[in-house]
Amino acid sequence: MQPTTPSTSSCDSWLAGAIRRIEADYQRSADTHLIPLPLPALAAHGIDLYLKDESTHPTGSLKHRLARSLFLYALCNGWVREGTTIVEASSGSTAVSEAYFARLLGLPFIAVMPRSTSPEKVAQIAFYGASCHFVDHAAQVYDEARALAERTGGHYMDQFTYAERATDWRGNNNIAESMFQQMARERHPVPAWIVVGAGTGGTSATIGRYLRFRCHDTQVCVADPEGSVFSAYHRSGDATLTAPGSRIEGIGRPRVEPSFVRTLVGRMLEVPNLDSVAAMHALSALLGRKVGPSTGTNFVGMLAVAHEMRAAGRQGSILSLLCDAGERYLPSYHDADWVRNAFGDIAPAQQRIDALVAG
């Protein structure tokens with residue numbers, strides 16, 4: 001929701017202070033690391049894999065970048081002022097990161113989420129002084145967040161609409177520019193592939209636009225979890241499609257989100273749930289630290305395109321994202337009983353992933 005009365009000043013004292021606090025927070029944060037993956041069998045064929053570790057942001061995930069951009073976008077559009085209540089439809093990492101920035105600016109924040117959201121996620125959001133507003137079904141979060149913003153005179157941040165436009169895709173320290181700067185001295189500095197998941201679609205849109213703007217010979221692959229609508233939409237272009245929804249937290253959607261720009265994605269790769277979880281465990285073992293399930297989905301995509309390159313006799317590098325740390329998922333995706341009850345026997349998928357890792 002946008003304010004009913006337009007702002008009369010291009011930079012009042014509160015706005016100037018708010019932007020300064022966000023920029024100061026950014027200056028205190030180092031860029032995230034680019035981690036080479038030790039896969040000797042692929043490296044011997046001239047194929048190198050890298051992960052950009054987004055878990056090191058202050059709020060622990062890739063969504064920290066999105067939340068910063070959304071706040072700056074809303075502030076500079078005049079939608080958020082001193083005392084504005086911020087509302088978002090999210091039960092996960094976006095809500096955690098937006099709650100962080102709302103607290104930084106002294107603004108109330110309400111996360112609208114399904115009643116089934118885990119107590120761990122509710123506690124993470126509440127840690128930053130935010131409130132949680134519950135609905136019975138996940139599909140209700142959009143309309144309820146919009147209505148709640150209207151009732152409170154607040155602003156609905158609407159990550160699913162604004163994610164693809166809030167970030168300056170031409171540069172200005174976006175994630176794509178950072179990737180290429182960090183790759184500059186590697187064996188294959190211009191990646192053959194960048195593999196990402198899609199929740200809002202903002203990351204794939206930013207990277208895809210940057211690649212075209214810089215004329216890089218790099219393709220974007222979106223690793224889409226089982227149950228998500230994005231793969232079917234990419235094939236058909238029918239924005240009215242729906243799907244059951246993803247069970248890999250943070251990526252995949254039951255409806256086509258406005259921020260997912262299909263023309264910027266060269267390839268969609270549909271990933272079964274068990275493969276995502278198996279790859280999460282395999283990658284955790286490789287790195288000596290736990291990663292989250294969406295990073296497992298990304299890893300499946302990386303391995304798939306790497307083995308296709310190997311079969312075709314191509315060399316090059318492949319980049320993806322370590323989206324968040326696995327400690328957030330200890331009671332769920334990293335618990336063997338939970339995985340068995342939720343998805344079934346993981347052993348066959350683990351064997352497939354281990355074979356791809358071994359080369």
key: Asp25 (side chain) donor-acceptor with Arg21 (main chain) under 3.5 angstrom   = no
ask   = Are the side chains of Met113 and Ile125 in touch, meaning some heavy atoms are under 4.5 Å apart?
value = yes
Over 12 foreign heavy atoms within 6.0 Å of NE2, His33 = no
task = Rounded to the nearest 0.5 Å, what's the gap from OG1 on Thr200 to CZ on Arg253? Could you check?
result = 9.0 Å
note = Heavy-atom closest pair (His307 atom, Leu356 atom, distance to 0.1 Å) is NE2-O, 2.8 Å
inquiry  = Are the side chains of Pro272 and Asp275 in contact, using a 4.5 Å heavy-atom criterion?
reply    = yes
Backbone N/O of Ala95 and side chain of Ser90: donor-acceptor pair under 3.5 Å = yes
message = Do the side chains of Glu54 and Arg65 get close enough for a salt bridge, i.e. N-O under 4.0 angstrom?
response = yes
request  = Taking all heavy atoms of Ala205 and all of Ser259, pick out the closest pair and write down the distance.
outcome  = CB-O, 4.2 Å
key: Whether Trp79 and Tyr162 hold their rings parallel, tilted or perpendicular, with breakpoints at 30° and 60°   = tilted
Cluster link Leu286 to Val300, ILVMFWY, side chain under 4.5 Å = yes
message = According to a hydrophobic-cluster definition based on side-chain heavy atoms being under 4.5 Å apart (Ile, Leu, Val, Met, Phe, Trp, Tyr only), do Ile194 and Ile47 belong together?
response = no
ask   = If you measure from CD1 on Ile35 to CG on Leu319, what distance do you get to the nearest 0.5 Å?
value = 11.5 Å
inquiry  = Quick check for you: to the nearest 0.5 Å, what is the distance between His133 atom NE2 and Arg115 atom CZ?
reply    = 8.5 Å
task = Say whether, by atom type as modelled, one donor and one acceptor occur between the side chain of Arg262 and the main chain of His234 under 3.5 angstrom.
result = yes
key: Side chain proximity check, Thr59 to Phe101, heavy atoms < 4.5 angstrom   = no
inquiry  = Would you compute the distance between atom CG of Asp238 and atom CG of Leu241 and round it to the nearest 0.5 angstrom?
reply    = 4.0 Å
ask   = Just by modelled atom types, is the Thr32 backbone N or O under 3.5 Å from a matching donor or acceptor in the Gln182 side chain?
value = yes
query = Hey, what do you get for CG (Asn273) to CD1 (Ile346), rounding to the nearest 0.5 Å?
reply = 10.5 Å
Side-chain donor or acceptor of Ser320 paired with backbone N/O of Val195 under 3.5 Å = yes
message = Applying a strict under-4.5 Å side-chain criterion to I, L, V, M, F, W and Y, I'd like to know whether Val291 and Ile353 cluster together.
response = yes
request  = Begin from the C-alpha positions of Glu164 and Arg209 and carry the test salt bridge (charged side-chain N to carboxylate O under 4.0 Å, His left out) through to its verdict.
outcome  = CA-CA 10 Å; Glu164 58 88 9; Arg209 287 171 177 151; 2.7 Å; yes
ask   = Should the ring pair Trp338 and Phe343 be called parallel, tilted or perpendicular, given that the plane angle runs from 0 to 90° and is split at 30 and 60?
value = perpendicular
task = Indicate the atoms forming the closest heavy-atom contact of Ser276 with Ile248, along with that distance.
result = CB-CD1, 3.8 Å
query = For Glu88 and Gln159, which heavy atoms make the closest approach, and how far apart are they?
reply = OE2-N, 3.2 Å
query = Salt bridge or not for Arg340 and Asp335, using N-O below 4.0 Å?
reply = no
inquiry  = Using ring centroids (six-membered ring only for Trp), state whether Tyr142 and Tyr156 fall under 6.0 Å.
reply    = no
inquiry  = As a test of understanding, state which of Tyr128, Phe127, Phe71 forms a ring-ring contact (aromatic ring centres under 6.0 Å, His included) with Tyr100.
reply    = Tyr128
inquiry  = Is a donor from one side chain sitting under 3.5 angstrom from an acceptor on the other, for His281 and Gln350?
reply    = no
message = Any non-hydrogen side-chain atom of Ile207 less than 4.5 Å from a side-chain atom of Leu211?
response = yes
query = Do the side chains of Leu264 and Phe160 join up, straight or via other hydrophobic residues, at under 4.5 Å, putting them in one cluster?
reply = no
message = Please check this pair: side chain of Thr167 against backbone of Trp169, looking for a donor-acceptor N/O pair closer than 3.5 Å.
response = no
ask   = Passes salt bridge (charged side-chain N to carboxylate O under 4.0 Å, His left out), Glu257 versus Arg255? Steps please.
value = CA-CA 6 Å; Glu257 302 296 353; Arg255 72 171 200 179; 3.0 Å; yes
message = With a sphere of 6.0 Å drawn around CG of Asp136, does it hold more than 12 non-hydrogen atoms of other residues, nucleotides or ligands?
response = yes
message = What verdict does the salt bridge (charged side-chain N to carboxylate O under 4.0 Å, His left out) test give for Glu23 and Arg28, after you've listed the backbone C-alpha separation in whole Å, the side-chain angles of each residue and the deciding distance to 0.1 Å?
response = CA-CA 9 Å; Glu23 291 297 286; Arg28 291 192 296 268; over 6 Å; no
query = Side-chain contact, heavy-atom cut-off 4.5 Å: Phe109 with Leu107?
reply = no
message = Within the 3.5 Å criterion, strictly below it, is a donor on Ser284 or Lys290 matched to an acceptor on the partner's side chain?
response = no
key: NE2 on His188 to CD1 on Ile318, rounded to 0.5 Å   = 10.0 Å
inquiry  = Between Leu283 and Leu37, is there a side-chain heavy-atom distance shorter than 4.5 Å?
reply    = yes
ask   = Are Ser93 and Arg328 close enough that a side-chain donor and a side-chain acceptor fall under 3.5 Å?
value = yes
ask   = Is there a donor-acceptor contact under 3.5 Å from the side chain of Ser178 to the main chain of Asn174?
value = no
key: Check against side chain to side chain donor-acceptor pair (under 3.5 Å), His45 and Gln315   = CA-CA 7 Å; His45 287 82; Gln315 298 186 347; over 6 Å; no
Non-hydrogen side-chain atoms of Trp193 and Pro191 separated by less than 4.5 Å = no
query = For Ser97, does its backbone N or O pair with a side-chain atom of Arg68 as donor and acceptor, under 3.5 Å?
reply = no
task = Report yes or no: does His64 contribute a side-chain atom to a donor-acceptor pair with the main-chain N or O of Gly60 at less than 3.5 Å?
result = no
remark   = All heavy atoms of Pro114 vs all of Phe134, minimum pair found to be O-CD2, 3.6 Å
note = Nearest heavy-atom approach of Gly252 to Ser228 is CA-OG, 3.3 Å
query = Counting N and O atoms only, with roles assigned by atom type, does the side chain of Asp224 sit under 3.5 Å from a partner on the main chain of Leu269, one being a donor and the other an acceptor?
reply = no
query = Parallel under 30°, tilted from 30 to 60°, perpendicular over 60°: which one fits the rings of Phe180 and Tyr210?
reply = tilted
query = So, do Arg289 and Leu322 sit near enough that their side-chain heavy atoms are less than 4.5 Å apart?
reply = yes
task = Any chance you could lay out the salt bridge (charged side-chain N to carboxylate O under 4.0 Å, His left out) test for Glu98 and Arg103, step after step, and finish with the verdict?
result = CA-CA 9 Å; Glu98 287 188 17; Arg103 187 178 74 170; over 6 Å; no
